[in-house]
Amino acid sequence: MARQFKRHDRSDIFIHWFNAACWLLLLITGIGLISNPAIDPLGSGYPEAMRSLVGGGANLLAIHEVIGFVWILGFIWYLAVNARGAGFFLKEVFMVSPARDMAWMLKKMVLMTLGPKPLKMIGVNPELPKQGFYNMGQKAFAQASVAGGVVIAFTGVIMFLSDKTFGAEATGIVSWAVTLHFIAVGVVFAGLLVHIYMAAISPEERPGFRSMFTGHVPENYARHHHGLWYEKVRSAPENDG
Ligand code: HEM
């Protein structure tokens, strides 16, 4: 078997798929809570069907809130069991090397849509600059999902409390919470469409997809897709297995 490189711990894999499952359930229930025909993304039949499925809007809201709290607790658990992994993830995601990463991003977008020709025509080398543990596309999505996730959780808790304890003086804060909750979901969801395409459908990323189950990627993939990371870890003994 080709030499394998460790990319994800078991707890990293768990939190990723746990997060994906929560997102799916929160979207299914959350969209069902929208009862404004002007902004209802799936038509008003969907919220009605969801509400009657669970015995009314109040039940649907309660289910959405429970899933939201389970989601937050999942991340608290992850931070408790793998604070080092979380720290590594945040450092890798938020450390950007502007010249290298922006060049990667711009070239990648041209290569994926038009191919190498336009770059060659203007005298630009189409080879992508080497990337670290994550490439700039992954970093951009991860930054949006971390920041978006914090906003969604925070505003969700404010909305939950507003039903129980807040008085009329909090109306302004609650309206902001509702608006920011929607915006953050929209931004992360837009990135998610690209993320799912790149991670699960695009054939060249297949080894990365498998690593989200096995935790490892083959040497060739590490060298070609994450050259700077490969150079750092290629002599580490834990990557010999
Ligand atoms: C069907 C759904 C999903 C699939 C197939 C999927 C697939 C993957 C794969 C294969 C990776 C590993 C990339 C690598 O290490 O090279 C990954 C990483 C990641 N996923 Fe997902 N994912 C899904 C849903 C989600 C959701 C819902 C979120 C957050 C809202 C998310 C956030 C992330 C983040 C932040 C990373 C690390 C950075 C990156 O690789 O972009 N994923 N995902």
Side-chain angles (χ1 to χ4, degrees), residues 4-31 64 67-68 70-72 74-75 78-79 82 84-96 101 104-105 108-109 112 128 130-156 180-230 232-233 239:
Q4 299 289 311
F5 282 70
K6 184 167 180 201
R7 241 182 116 67
H8 314 289
D9 240 30
R10 275 220 294 248
S11 62
D12 302 330
I13 296 173
F14 171 81
I15 198 67
H16 176 268
W17 293 118
F18 168 83
N19 177 47
C22 290
W23 259 86
L24 178 70
L25 295 173
L26 287 167
L27 280 175
I28 292 174
T29 50
I31 293 170
H64 186 75
I67 302 167
V70 170
W71 178 60
I72 294 173
F75 276 91
Y78 175 68
L79 285 172
N82 193 1
R84 250 185 79 210
F88 173 82
F89 170 79
L90 291 174
K91 192 177 119 242
E92 290 296 330
V93 160
F94 284 96
M95 286 236 305
V96 171
D101 289 350
W104 186 92
M105 196 72 174
K108 181 75 177 175
M109 286 195 284
M112 280 185 69
L128 291 167
K130 282 186 189 167
Q131 295 285 279
F133 190 84
Y134 292 118
N135 65 46
M136 189 53 219
Q138 293 176 312
K139 286 196 234 183
F141 170 64
Q143 290 167 359
S145 54
V146 171
V150 170
V151 171
I152 292 164
F154 194 70
T155 51
L180 291 174
H181 201 73
F182 273 92
I183 293 174
V185 172
V187 170
V188 179
F189 186 73
L192 194 55
L193 298 178
V194 182
H195 177 66
I196 292 180
Y197 172 76
M198 292 303 288
I201 301 170
S202 159
E204 62 174 279
E205 297 291 340
R206 201 50 43 88
F209 181 58
R210 278 194 221 105
S211 80
M212 253 312 162
F213 299 93
T214 63
H216 292 80
V217 288
E219 182 163 22
N220 235 352
Y221 174 86
R223 188 188 308 121
H224 285 124
H225 290 256
H226 302 280
L228 296 176
W229 172 60
Y230 173 74
K232 225 188 273 173
V233 296
N239 289 318

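Both counts, for ligands and for their atoms, begin at 1 and track the order of listing. Here, residue 1 is the first one in the sequence, and each next residue gets the next number.
Atoms NE2 of H16 and NE2 of H195, as seen from atom 21 (Fe) of ligand 1, are separated by an angle of 170°, to the nearest 10°.
Taking the ring axis of Y221 as reference, the NZ or CZ atom of R206 does not stay both within 45° of it and closer than 6.0 Å to the ring centre.
Judged by the shortest distance from any of its heavy atoms, M198 lies outside the 4.0 Å radius around the atoms of ligand 1.
Other residues, nucleotides and ligands contribute more than 12 heavy atoms inside 6.0 Å of the CZ atom of F75. Within 6.0 Å of the CZ atom in F154, the count of heavy atoms belonging to other residues, nucleotides or ligands does not exceed 12.
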**Prompt:** Between K130 and Y230, does a side chain to side chain contact (heavy atoms under 4.5 Å, CB included) hold up when you go through it step by step?
**Reply:** CA-CA 10 Å; K130 282 186 189 167; Y230 173 74; over 6 Å; no

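Considering backbone and side-chain atoms together, S211 places no N or O closer than 3.5 Å to any N or O of ligand 1. At least one N or O atom of R7 sits closer than 3.5 Å to an N or O atom of ligand 1. The shortest N or O to N or O distance between W17 and ligand 1 is not under 3.5 Å. Residue Y134 has no nitrogen or oxygen atom sitting less than 3.5 Å from a nitrogen or oxygen atom of ligand 1, judged on distance alone.
Interface atoms of ligand 1 facing V188, defined by a heavy-atom separation under 4.0 Å, are 30 (C). Residue A199 approaches ligand 1 through these ligand atoms, each under 4.0 Å from one of its heavy atoms: 7 (C), 8 (C), 9 (C), 10 (C).
Among F133, F141, F89, W23, the residue whose heavy atom sits closest to atom 31 (C) of ligand 1 is F141. Ranked by closest heavy atom to atom 40 (O) of ligand 1, the top entry among H8, Q138, E205 is Q138.
With a 4.0 Å heavy-atom cut-off, ligand 1 is reached by no atom of K139. Contact annotation for A20 and ligand 1: heavy atoms of both the backbone and the side chain come within less than 4.0 Å of the ligand.
Of all the heavy atoms in V217 and S211, the pair that sits closest is CG1-CB, 3.6 Å.
Counting only distance, with no hydrogens or angles, the side chain of H226 and the backbone of Q131 share no donor-acceptor pair below 3.5 Å.
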